[in-house]
Amino acid sequence: YSDGDKVFAHAGGHFFCLRAKDGNILWKNPLSGLGYGSCIIASEHQSASVVATQNATQQAAIASTAAVGAATSSQS
């Protein structure tokens, strides 16, 4: 998510704020105890329905990936 001169990102169980012009990390939060699940970044410009749709899409993708992995494992 980009907000002016800052970019917010989630990777490897951490949440980052980067300077848009050079990618330098301004701050990071290790999200201790929250694991490596999906992360949705909301802004004041998004409605609750947009965030809910994003969450549903991410959860469906995770479920689909898990189902493919389970099917592959059972064939081995």
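For the numbers below, each heavy atom of this structure counts, side chains included, while hydrogens, waters and symmetry mates do not.
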Shortest non-hydrogen separation from Ala20 to Val7 and the atoms involved: CB-CG2, 3.9 Å
Geometric class of the Trp27/Phe15 ring pair [parallel <30°, tilted 30-60°, perpendicular >60°]: tilted
Distance (rounded to the nearest 0.5 Å) between Leu26 CG and Phe16 CZ: 12.0 Å
Side chain proximity check, His10 to Leu31, heavy atoms < 4.5 angstrom: yes
Contacts of Asp5 that satisfy side chain to side chain contact (heavy atoms under 4.5 Å, CB included) - sequence neighbours left out: none
